[in-house]
Amino acid sequence: MGLEQFKKYLQENKFSGEWRYIDEPENVFSGTLTYDPLKGGFLEFIGGPKNLLTSKETLASFLGKSPTGKFISIFNARREKTSFTFGVFSQHQYSFYEYWESDSNEGLHKSDILLESLRFQLSHLEEWEGRICLTPEFDSSAKRISGVSYSEFPSVNLYEDEKVSITLNYALSVQGNMLEAFHLYHNVFIKVSVKEGRLPYYNTEDQNNIEYYFLTMHALFSFLIGKDVFPYDITCRYETIKPSENASEHEKALGEQAICGKYFPYWEYEAFSGKVLSGIQMFLPRADIPDLPSLTAKWFSKQNIISDSVSQLTSFHNQKFISETTLAFLIFSFEGLHRKLYSKKPIFLKRLRNFMLKLQGKVPEKNTRDITLKERVFYSLFKCRKLLQLNNAQDLLIIAHKMTQHRDAIGHRDKDIELSGAESAYLSYEMSYLLEAMISKELDIPKETIKKGFERSMMFDSCNSFIRGAISKGRFHL
């Protein structure tokens with residue numbers, strides 16, 4: 001039974017059966033497995049063992065049996081709610097986004113999940129690519145589309161190291177009855193292939209796992225598209241597990257079997273919500289990146305520097321509204337990135353510091369001291385002034401002052417110097433552009449390409465106009 005059929009089965013039939021914690025075979029209780037296309041998979045216990053509420057933390061792993069006869073191992077199930085009736089525990093609900101099938105009644109442990117390859121799609125990847133393998137053929141005499149031609153695109157090698165190779169691939173899929181009405185889809189997907197043997201999927205102490213490559217590629221395309229994209233249609237392939245002569249009892253219980261992995265992404269409905277993102281709304285679409293493999297290699301090499309800031313950026317782009325703490329979080333992320341970029345360089349030259357003091361009408365300093373956050377922000381704004389299209393040094397100093405003043409106001413709950421909602425929102429956008437500029441420069445993306453990316457943003461011009469207006473009217477000042 002494929003993933004789509006299984007999801008349909010669960011939507012139409014609540015599947016009830018016996019479940020237990022993977023590591024506690026004696027602790028068996030009744031549960032119901034359901035699937036909601038808007039929320040993912042759910043596991044619900046009616047009653048359950050007395051220690052269910054207290055013995056496990058927020059995340060737990062369970063084992064049960066599917067309607068196909070396969071044993072299901074669920075990892076990282078998240079506790080959603082607990083209900084009580086007359087003071088007695090009566091219902092417990094966990095949500096999950098992935099499950100793994102096997103033939104063994106011992107189930108699987110995370111260490112059993114060893115992959116040969118992982119394939120996944122990302123929302124908006126087709127729009128980002130900008131090319132399509134389907135071309136309508138128009139019959140001018142009949143004034144209608146007479147057919148569709150298909151052009152097969154070769155896969156693109158994105159990244160390679162001693163463990164894996166990662167490719168961007170293209171495929172045509174068909175949905176519907178071929179004899180009546182059907183739909184053709186141009187799909188772009190990413191495939192991570194292990195070079196020799198298998199790699200564990202789940203996170204280990206080092207980067208020797210498939211999850212690392214999956215999350216790194218997800219972050220890359222979130223950055224390029226300028227929005228937190230959503231993975232979906234995630235499938236993987238295993239070798240057949242064969243127990244060795246020195247195998248443990250658990251490994252022997254697994255026996256020789258092919259294991260199948262399936263996912264229920266929490267965010268799946270977002271990928272099919274009908275929202276289409278055109279290339280002109282993206283930060284860096286495919287057409288602006290002539291050498292994608294080089295960019296991907298640079299992305300992997302800079303992960304220890306940029307990953308935290310990229311995570312904060314994509315979170316910001318996916319927010320439905322901007323709160324008073326948004327700017328503070330972005331500034332915190334900026335400070336971390338700035339310290340990593342310039343930790344071993346004397347970046348704040350004496351003449352630049354004195355330039356700041358001169359702008360403020362102060363006397364230049366002779367002594368040395370630690371760099372302040374406002375100096376870090378001003379220094380970075382000044383270096384990126386042409387990309388941000390804010391060339392007036394006095395204005396940059398005022399922006400740096402207002403940003404750090406707001407951060408301090410949030411930290412100390414000082415209502416007298418807090419910004420208004422609009423001021424905080426526009427300065428948040430300005431800080432996000434600064435972070436994108438710093439990360440892009442670190443990735444050696446050409447300045448003209450970065451500039452084009454900013455100009456595609458619907459907020460870029462209005463953000464600069466608002467800030468210039470606030471400075472000229474005296475709302476922003478030193």
Side-chain angles (χ1 to χ4, degrees), residues 2-3 115-138 145 147-175 178 182-199 210 212-227 229-239 261 263 271-272 276-301 443-446 449 452-453:
L3 177 58
L115 305 187
E116 286 184 339
S117 63
L118 180 75
R119 164 184 160 152
F120 60 96
Q121 291 181 251
L122 297 170
S123 58
H124 309 304
L125 196 55
E126 286 78 12
E127 300 100 299
W128 172 84
E129 168 65 32
R131 298 184 299 165
I132 188 166
C133 62
L134 300 169
T135 306
E137 296 175 350
F138 188 74
I145 295 175
V148 177
S149 61
Y150 170 65
S151 302
E152 186 173 351
F153 297 154
S155 61
V156 177
N157 294 318
L158 292 178
Y159 178 74
E160 187 172 357
D161 61 17
E162 68 279 3
K163 301 169 190 170
V164 305
S165 62
I166 303 177
T167 54
L168 191 68
N169 304 272
Y170 310 89
L172 179 68
S173 64
V174 182
Q175 291 184 14
M178 294 290 287
F182 60 91
H183 298 275
L184 297 174
Y185 294 93
H186 167 66
N187 297 318
V188 182
F189 63 90
I190 298 166
K191 185 176 181 181
V192 182
S193 302
V194 180
K195 288 186 172 180
E196 292 184 13
R198 296 167 292 161
L199 281 182
I210 295 289
Y212 163 73
Y213 295 100
F214 168 61
L215 295 176
T216 302
M217 294 305 298
H218 175 217
L220 169 61
F221 284 100
S222 293
F223 177 75
L224 296 177
I225 290 172
K227 183 178 176 64
V229 298
F230 302 93
Y232 64 99
D233 193 21
I234 308 171
T235 55
C236 52
R237 180 181 173 181
Y238 295 82
E239 274 184 355
Y263 288 73
F272 300 100
V276 177
L277 212 62
S278 70
I280 60 172
Q281 294 173 287
M282 298 182 184
F283 179 44
L284 297 174
R286 178 72 175 89
D288 284 359
I289 307 172
D291 191 351
L292 186 57
S294 294
L295 176 61
T296 309
K298 181 72 74 170
W299 182 268
F300 272 90
S301 69
L443 296 171
D444 296 328
I445 296 173
T449 303
K452 284 167 61 179

* Asked: Rounded to the nearest 0.5 Å, how far does CD of Glu129 lie from OH of Tyr170?
  -> 3.5 Å

* Roughly how far apart are Thr296 OG1 and Glu160 CD, rounded to 0.5 Å? -> 12.5 Å

* May I ask you to decide if Lys298's main-chain N or O and Ser301's side chain share a donor-acceptor pair within less than 3.5 Å? => yes

* To do: Please report the C-alpha distance between Ile225 and Leu122 in whole Å, then the side-chain angles of each, then the deciding distance to 0.1 Å, and finally whether the side chain to side chain contact (heavy atoms under 4.5 Å, CB included) criterion is met.
  => CA-CA 11 Å; Ile225 290 172; Leu122 297 170; over 6 Å; no

* Ser117 versus Ser193, closest heavy-atom pair with distance -> CB-CA, 4.2 Å

* Asked: Which heavy-atom pair separates Phe300 from Met217 by the least distance, and what is that distance?
  -> CE1-SD, 3.7 Å

* State, yes or no, whether a side-chain contact exists between Leu295 and Leu224 at a heavy-atom distance under 4.5 Å. => yes

* Please check if the distance between the ring centroids of Tyr159 and Trp299 is under 6.0 Å. => no

* Structure fact -> Closest heavy-atom pair, Val194 versus Ile210, reported as atoms and distance to 0.1 Å, is CG2-CD1, 3.7 Å

* To do: Answer yes or no: is there a donor N or O on one side and an acceptor on the other, between the side chain of Trp128 and the main chain of Leu284, under 3.5 Å?
  => yes

* Kindly compute the distance separating CZ (Phe283) from OG (Ser222), expressed to the nearest 0.5 Å. => 13.5 Å

* Which atom of His124 lies closest to which atom of Glu127, heavy atoms considered -> CA-OE1, 3.1 Å

* Could you state the interatomic distance from CZ (Phe214) to CD1 (Ile166), rounded to the nearest 0.5 Å? -> 11.5 Å

* Asked: Where is the tightest heavy-atom contact between Gln121 and Val188, given as atom of each residue plus distance?
  -> CG-O, 3.6 Å

* Asked: Yes or no on side chain to side chain contact (heavy atoms under 4.5 Å, CB included) for Leu199 and Val164, after CA distance, side-chain angles and deciding distance?
  -> CA-CA 9 Å; Leu199 281 182; Val164 305; 3.8 Å; yes

* Asked: What's the spacing between Leu292 CG and Asn157 CG if we round to 0.5 Å?
  -> 10.5 Å

* Should the heavy atoms of other residues, nucleotides or ligands under 6.0 Å from NZ of Lys191 be counted, would the total exceed 12? -> no

* Asked: Between Ile190 and Leu125, is a side chain to side chain contact (heavy atoms under 4.5 Å, CB included) present by the stated rule, with each step listed?
  -> CA-CA 10 Å; Ile190 298 166; Leu125 196 55; 4.2 Å; yes

* Side-chain donor or acceptor of Lys195 paired with backbone N/O of Asp161 under 3.5 Å -> yes

* Roughly how far apart are Ile289 CD1 and Thr449 OG1, rounded to 0.5 Å? -> 8.5 Å

* Structure fact -> Nearest heavy-atom contact between Glu126 and Asn187 is OE2-CA, 3.4 Å

